[in-house]
Amino acid sequence: MTHLPGPIFNAPGRATADRGLPTPAYDTPRPGPQKEKRLSARPTFFQRLIVPGLLRTWWSGVRHIWQKKLTVQWPEQVREVSDNYRGVHRLNKDDRGRMKCVACFLCQTACPANCIRIEAGPSPWPDRPKYAVRFTIDELRCVFCGMCEEACPEDAIELTRIYSLVGTRRDEMLFDKEQLLTMYDLTRDEKHPLRW
Amino acid sequence: MSDVRLTIDDREVVVPEGTTILEAARSVGIEIPHFCYHPGLSAPSNCRMCLVEVQGQDKLVPSCATAVADGMVVRTGTPRVHESHRSVMEFYLSNHPLDCPVCDQAGECVLQDYSYGWGSATSRFEETKVTQPVKDVGPDIVLYADRCIMCTRCVRFLREVSGTGELSVIHRGVRSEIHVAGDRPVTNPLAGNIVDICPVGALCSKDFLFKCRVWWLTSTASACPRCARACSIRVDSSEGRILRIKPRENAAVNGMWICDEGRFAFRQWHGAGRLDVPLVNGDRGFTHCDWDEAIALAARSLRQVAMRYGGESVAFIGSPWATIEENMLLARLFVSLGATMGSLWPAPAESPQRFPGFEISGEKAWNVAGARRTLMDVAGQLLTLDRLADEIERGRVRAVYALGGAYRGALVPCDDLGLELLEFFAIQTCFVTDKGLKANLILPGASPYEKVGTVRNERGVLQEVNAVMSPPGQARRDWDILMALAKALAATVDDDLTRAVLDRPAAQWNYTRSASGNE
Amino acid sequence: MELSESSRQEIDRLIATCRTRREAIVQVLEIVQRGQGYVGDEAVSYVANRLGVGRADVEDVLSFYPVYHRRPVGRFVVKVCRSLPCAHMGAARVVDHLSERLGVAVGQTGGDGRFTLLEVECLGACDRAPAMMINDDVFGPLTPERIDAILASLKDG
Amino acid sequence: MMIAINLVKVLIVFAFVQAMAGLTLWAERRLSALMQDRWGPNRLGPFGLLQPLADSVKLLLKEDITPQGVDRLLYYLAPAMSLAPALMTVAVVPFGEPVTLFGQYVVPLQVADIHLGILFILAVGSLEIYGIVFGAWASNNKYSLLGGVRSVAQMLSYELFMGGSLVGVVMLTGSLRLNDIVASQQHLLWGWLPAWNLFRQPLGFVVFLVAAFAETNRLPFDLPESEQELVGGYHTEYSSMKFVMFFIAEYAAVFTMSALLATVFLGGYGLPGLSVAECGPVWWLPVAQAAVFLTKTLLFVLLFITVRWSLSRLRYDQLMRLGWKVMLPLALLNIVVTGTLMFLWRTTG
């Protein structure tokens, strides 16, 4: 049986000996430098002067003053978000303009933020028994994780790239079925190569 | 009947002669997959899911219809058995619409569960699936014939348990379907059970349809308040609303079934019209008041009557809709005031309904037996309502305090009690009935689904009752109202009282909690 | 259509010999069909009442056996097997051909009332697939030419 | 007439310090943003200069919450006590040589020309601690109290060598009057180096600078506030106007301290060659001197700001060790060295 060195359990040459166990072959001190570098070594004289270090730190902040700025000056500048950005939800429509959702509640079940609320009822169309009578997403609770999209068996719910999401009251941010279907109309022609 | 010793999956099993392999396996916790077998019905062994390997037999045998034999060696998990399961599942799934996302059964569907074990992720089936219509089976039941796997549990239930036989299987092979004879839709009082026993989402309750996905239901074990049989039930609720009620298996009470009256009994307390504030009858008719006022008024009035005419002029009326504890607290409280006369609201009586495999009691309240016995135990005697009416007329009873808790209209037969002759009448109830309108004080109590306690059914079985939700608005559990009244009447009484009440059934009635039972 | 008196008597005699009522269903239906040529709705109700079982039970049995007819049939009842061996050997083509030649759809009776075309399960003639049965005679293996010849002989007969 | 002129001076200086506090706030926000690769407030007015105004309007309109269980008197007093010393210290700081108005009134360009200027500053500056401690104590909040306690310890430790670090300057000047200190820095050393105390008292300057940071409770010495651990320290429970006063006090203190630094170590309003003695009483001289003074002051303000956004806060024990074991000995060393050198200079030169 071969022994593999176990640095976690046996510090070279010490731990096993302390426990009165025979020293395994691999535990014999190896030739060469054994001294470890320690992070908490005594500071050198130069380090103990502090002031040069302080100046260096100060300068590292100050030189940023004339470096390139990352801020996007919204709304004059509009940020180009990545293709798989996850923004406001939309409820997709089929080619006949009907909501695709069949009210299976899988998005509601998958949602980690509990922001989706569906009320199901008998569908007015013959090709499905059930559809969502009400479909509400609390955009304030949503964490935009995309799990609803992932869970949907009908590709009926998707996240768009729309990120400018503002309201002046909380109830404005409860997006109902009509609003979510409108989001589809707004983003119908957008293509999301990574997810759609 | 002698015992048979056999081996199932290397485990010694001893069961009575005549037991089937499936049941024997079940008794030691080995679950053999099955569709058509149901413990409450005959076993036609037509689903072929429960095939197992028996040593010495070439072919696999249907475990639900094969009786055990001495020395039998059964294996339920061999590759051959699993291959059989896979074949059967492929067969079922080839013509199943696989519409789990919109199917109400999803989450509690046997076919779905077995698919995880033995279903194939891909299908070899290229042909068009046979589609069948959605059929209206009865006023409460709809059949999604597409999803049906022809286990015939519903057909057998209607033949064997309800004895009505409205459903049958017509045609054969892939075209077979569940058929409702045109003139006889499924309207029998036990019809709801076929929805429960349907292993897939073919039979759905119209009442529950699309209401909620089952994984969001909270299940509470309780007893059915609808009749004196007090069937063991499971109340499924979501967000504080009862959405459906299903039977719990309890051999001592209801076996495996409940009747539709009990299934939908929650509607009688649910919904609009529930009393949710205390009402006091003053100069301007009934007005709302707060609880402190109401309890103070009750205590003051009862004490006044007791002082002026003696304690025995105060009477109480228990309720068969209240738990044993509530009735006992009521009786002890009033006996401690000096009351000697107590009565019990009669439960509405109908003729009992008997079916080949089930019986519905004619007394329409769950705790008739428990309430009567409790009140008798504490008060020593129990007057009929007629006797109480006499006593009121003769002026020997001047104040009455009653538990109600009944559904709307259930207390109507007690209209001629002569309440107008009383100086004080208070009732804890759920609805403002005609009766209530003659009261001085109406206190909003709890429905049977909002209580915690014990009930005793007509066969003497005690069952735990658990609260599914809180009473609406300001309404309170009747126990809490009585405790508040007890406190207002005599501050020292309550600790002793509680202990006495809570210990009593256990000590006296060889109290065995029988609320367990299997799902 | 009323059941004939003789059929009723025959049914009564039969029931007297049966232990349970359900087991009599097959034979009672047999009697009805022999008397009327088919088992109509009224007959189903009569049988159900007479035996004290549900209509559903009667229809259960009735629909299982293709020998029973729910509607009046023609003089020649043409039953084409659609079970697996016959299906493989081209039962669908046989049905199409018959349907075209007789001018009736599957399950229908021709305008002149001579032919009824039905699809049934196995006729037990897998060795002669595809097979069909006209009244009590089984024919197969079938080709369009053979079918034409058989039909022609029927017209003659 | 002198009274009127003095009143006008008081008003001007008072308003000016307030305005500079706002400007400092703006500069802090812009600079901190720039140091973090952002732009900072740039919407309101040119370069966002009106942002402090908007901030104060916002803060004034906020609900003024008085938490339960506060010591009312001290709670209301604390912000004012915090603001007052910061505004008072600036009174003795000169921003130009005296001018003669209407040919008869000699007006010193400072609110009060007192002989004990330095002592006045040290004394009044120490009062600022009362605002903080009162606020911390009165708030009925453990975090505030902790901030207050830290503040006291910090002030006690750093006041000591703050005074000590100025002794060298006073020894060189021979006066505690700020005008004298400014005047003593007007000549050139060796013909090219301004005789600023920065160069004559480098050690004293460093020690005083450290003390100045500590005195204004700014990073790396903002232990009384330390948002990350004490929420907001002594002003956690303050809102609206009272919070504004604490806020202004901080920036007023920064400005005042910068002015003091400029005066004592950078020659104040003076530049070599820019004085009545050399230019005569020309009308633009006071303006130029004020501008020089302001420039020097703003340099220190910038230093204060950039230091805040680049250095991290000291731990409490480090703070104490730095004060007592490094800065105090250094201050004493500075006195000894200065005294020795002065003695040598006099005996030899």
Side-chain angles (χ1 to χ4, degrees), chain B residues 36 41-42 44 46 91 94-95 124-128 130 132-133 135-138 141 143 145 148 150-188 190-191 194 203 355-357, chain C residues 20-26 28-29 33 38-71 79-88 90-92 95 105-107 117-124 126:
Chain B
C36 69
L41 303 172
S42 64
N46 63 4
F91 175 64
S94 68
N95 226 348
R124 298 189 287 163
F125 190 73
E126 291 173 354
E127 288 77 2
T128 316
V130 173
Q132 289 186 345
K135 293 184 185 175
D136 203 10
V137 170
I141 303 163
L143 170 68
C148 178
M150 286 299 146
C151 70
T152 69
R153 279 186 186 180
C154 50
V155 175
R156 279 174 285 141
F157 175 87
L158 293 174
R159 285 180 187 163
E160 295 164 14
V161 179
S162 72
T164 46
E166 296 95 335
L167 295 182
S168 63
V169 181
I170 59 166
H171 303 311
R172 61 164 142 171
V174 74
R175 284 165 189 78
S176 43
E177 56 180 288
I178 299 294
H179 175 70
V180 197
D183 52 340
R184 290 186 66 188
V186 183
T187 52
N188 73 71
L190 301 180
I194 65 175
L203 288 167
F355 300 92
Chain C
T20 67
R21 285 162 167 180
R22 284 178 61 82
E23 77 176 67
I25 296 177
V26 172
V28 170
L29 290 175
Q33 169 136 325
Y38 71 102
V39 187
D41 283 346
E42 284 174 32
V44 170
S45 301
Y46 172 80
V47 172
N49 288 336
R50 183 67 190 82
L51 293 176
V53 296
R55 265 187 70 115
D57 294 296
V58 178
E59 287 186 18
D60 188 345
V61 175
L62 197 54
S63 67
F64 188 83
Y65 297 103
V67 293
Y68 301 125
H69 305 301
R70 291 288 275 120
R71 275 172 297 188
K79 299 169 180 169
V80 183
C81 174
R82 66 175 175 202
S83 292
L84 200 58
C86 290
H88 274 306
V95 173
V106 175
L117 180 60
L118 296 175
E119 281 184 329
V120 298
E121 303 303 332
C122 189
L123 293 171
C126 309

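The chains referred to below are lettered A, B, ... by the order of the sequence lines, with proteins before strands, and numbering in each begins at 1. All values below were derived from every heavy atom in this structure, side-chain atoms included, with hydrogens, water molecules and symmetry-related copies excluded.
Residue C/F64 comes nearest to B/R172 through the heavy atom pair O-NE, 3.0 Å, listed as atom of the first residue, atom of the second, then distance. The two residues C/D60 and B/V169 have their closest heavy-atom pair at OD1-O, 2.6 Å.
B/H179 contributes atom NE2, which lies 7.0 Å from atom CZ of C/R55 (distance to the nearest 0.5 angstrom). Distance check, rounded to the nearest 0.5 Å: CD of B/E177 to OG of C/S63 gives 8.5 Å. To the nearest 0.5 Å, atoms CZ (C/R22) and CZ (B/R159) are separated by 4.5 Å.
Ranked by heavy-atom pairs shorter than 4.5 Å toward chain B, the options C/V53, C/V44, C/V58, C/D57 are led by C/D57. In terms of non-hydrogen atom pairs under 4.5 Å with chain B, the most contact-rich of C/A48, C/P66, C/A56 is C/A56.
Heavy atoms of other residues, nucleotides or ligands lying less than 6.0 angstrom from CZ of C/R21 number 12 at most. Within 6.0 Å of OH in C/Y68 there are more than 12 heavy atoms belonging to other residues, nucleotides or ligands. Counting non-hydrogen atoms of other residues, nucleotides and ligands closer than 6.0 Å to CZ of C/R71 gives a total of 12 or fewer.
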